[in-house]
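First the proteins, then the strands, lettered A, B, ... as listed; each starts at 1.
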Amino acid sequence: MSFQYSDEILRRFRNPKNAGEIKNPDGIGMVGNRSCGDVMHLYIKVENNKIVDAKFKTLGCAAAISFSDLLCDMVKNQNIEDALKLTKDDLVKKLGGVPAPKLHCSLLAVDALHKAIEDFKNKK
Amino acid sequence: MKKVYLDNAATTKTAPEVVEDMKPYFLEKYGNASCLHKWGQEARDAVETSRELIANKINALSEEIIFTSGGSEANNLAIKGVAYQLKEKGNHIVVSEFEHPAVLNTCRALEKKGFEITYVAVDKQGFVNLEQLKNSITNKTVLVSIMHANNEIGTIQNLEEIGKICNENDVLFHSDCVQSLGKVGVDVKKFNLSLATFSAHKIHGPKGIGVLYVKKGVKLCKQIDGGPQEFNQRAGTENVSGIIGFARAIDIITEEDVRIMRKMRDYLVEELLKIDGTSLNGSKENRLCNNVSVAFQNVEGESILLSLDDKGIAVSTSSACTSSKLESSHVLKAIGLKPEDSHGTIRFTLSKYTTKEELDYVIESVGEIVKNLRRISP
């Protein structure tokens, strides 16, 4: 029971600016499973191979919501190839570390991104 | 900011009159109760008066009350104490699968030492399967340990019935009564208890003081060696102020407190269940007067907890996400709750200090938070 969230995780959890949906997204990444934990949907808008907008809907803990929100910020204005280079460690670092039991939430966000880009590529 | 404390199953506010009673035993009457001088005798008298008071409240004898450092130590002493004392007679212990970790992990430690443990199932309502319990007892069984009231969902077991089963089968019966003390009548004779665990800090007493009731004639293998304190069953200088505080805490409980808490609990349940996608965990009737455990569908318990904390409201989750493990609560699993409902469970536990105004603030806040979280949920 003994862990503490970083201020950055709590800040994003309290006010997740990127929460929501994008109408007619170019790619959707749906990951997770409610029975074993968190569920995340990532929506991306792509123009000229560049992610111009990203939004999310997440059912999960504060870490999952914060990672979702951060991911959206980090992929915006990135081209697809650069976005794919993003790792879970990049996310963890940006949030000022994350309690060990919550590390898997970062993976969830990266998986959602990969799924969304895959979806985008399939739709093209 | 408003502050509402609804985590009284975790611990309670120390009652001001309890603190007042304890104070002199820090500042003036600080003697060691084992000493012969006046300081010592003053402390001894206070300890024995408190012991008698506590004994009376649970229908026990003074010499059946062993003070410990708390509930966990009392549970350890009861279970390991019997296991090692009676290891020539048998090596089998029966517990329920939704006991407190202080019982479960004590049993797991014993398993590593070669003891055998049976974990009896509980039903959807949160009651131990008595048929299975009965059938689990063998000629190797030395102890049955079943908690009186569950710490997560508050359901109250029929100890009288379990006591009868233990009596018929001639096995010792221990109950962790930490959550039930002061809320449900505990009568060690009526329940045929051989051992029972109590803790002060759940009833507006201080932390760091517990009691193990040990029925006259029941022998335990001592777990803390040292001096001959506590009838030579638990070494260590008596926690005099803690003992005084425990006695005062148990003495000031009234039936009226319990009645009001029950009414408030019912109000909170009724209002929270008006929120869409909610359900009460465990039996509605046979539960502690202060326990409300609600599953909120499509929300994570931890997110509710943190959002409530931002509003000055303290609650608890039973879900995986606040613990260092990622498994769902063993209690909610035991009552067959779906993992998704288990993840969205919040435990609200009231005290005699809880007011209706506080509950109204909590009800309003929960409604708002759940709505917000569901809005950002897929």
Next on the checklist: Tell me which of these, A:Gly60, A:Ala19, A:Ala63, has more heavy-atom pairs under 4.5 Å with chain B than the rest.
Outcome noted: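 Counting heavy-atom pairs under 4.5 Å, the top option is A:Gly60.
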
Checklist outcome for this item: Counting heavy-atom pairs under 4.5 Å with chain B, the top scorer among A:Gly20, A:Ala62, A:Ala100 is A:Ala62

Without placing hydrogens or testing angles, list every side-chain donor-acceptor pair under 3.5 Å for residues 68-76 of chain A, not counting sequence neighbours.
unit_1	atom_1	unit_2	atom_2	d
A:Ser68	OG	A:Thr58	OG1	2.8
A:Ser68	OG	A:Ala64	O	2.6
A:Asp69	OD1	A:Lys17	N	3.2
A:Asp69	OD1	A:Asn18	N	2.8
A:Asp69	OD1	A:Asn18	ND2	3.2
A:Asp69	OD2	A:Arg12	NH1	3.0
A:Asp73	OD1	A:Asn18	ND2	2.9
A:Asp73	OD2	A:Arg12	NH1	2.9
A:Asp73	OD2	A:Arg12	NH2	3.3
A:Lys76	NZ	A:Asn18	OD1	2.9

Got more than 12 heavy atoms from elsewhere within 6.0 Å of [atom1], [X]?
{"X": "A:Lys115", "atom1": "NZ", "answer": "no"}
{"X": "A:Lys45", "atom1": "NZ", "answer": "yes"}
{"X": "A:Glu47", "atom1": "CD", "answer": "no"}
{"X": "A:Asp7", "atom1": "CG", "answer": "no"}
{"X": "B:Lys371", "atom1": "NZ", "answer": "no"}
{"X": "A:Asp82", "atom1": "CG", "answer": "yes"}

Checklist entry - Heavy-atom distance under 4.5 Å to chain B: side chain of A:Pro99, backbone, both or neither? => result neither

Are the side chains of [Y] and [X] in contact, using a 4.5 Å heavy-atom criterion?
{"X": "B:Ser377", "Y": "A:Lys57", "answer": "no"}
{"X": "A:Arg34", "Y": "B:Gln297", "answer": "no"}
{"X": "A:Phe13", "Y": "B:Glu302", "answer": "no"}

Next on the checklist: Can you tell whether the side chains of B:Arg375 and A:Glu21 come within less than 4.0 Å, N to carboxylate O?
Outcome noted: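 Answer for the salt bridge query: no.
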
Checklist entry - Atom OH in A:Tyr5, atom CG in B:Leu306: separation rounded to 0.5 Å? => result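 One finds 6.5 Å between OH of A:Tyr5 and CG of B:Leu306.
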
Next on the checklist: Counting only non-hydrogen atoms closer than 4.5 Å, does B:Asp310 touch chain A with its backbone (N, CA, C, O), its side chain (CB onward), both, or neither?
Outcome noted: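 Contact with chain A: side chain only.
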
Checklist outcome for this item: Closest non-hydrogen contact found for A:Leu59 with B:Pro378 is N-CD, 3.4 Å

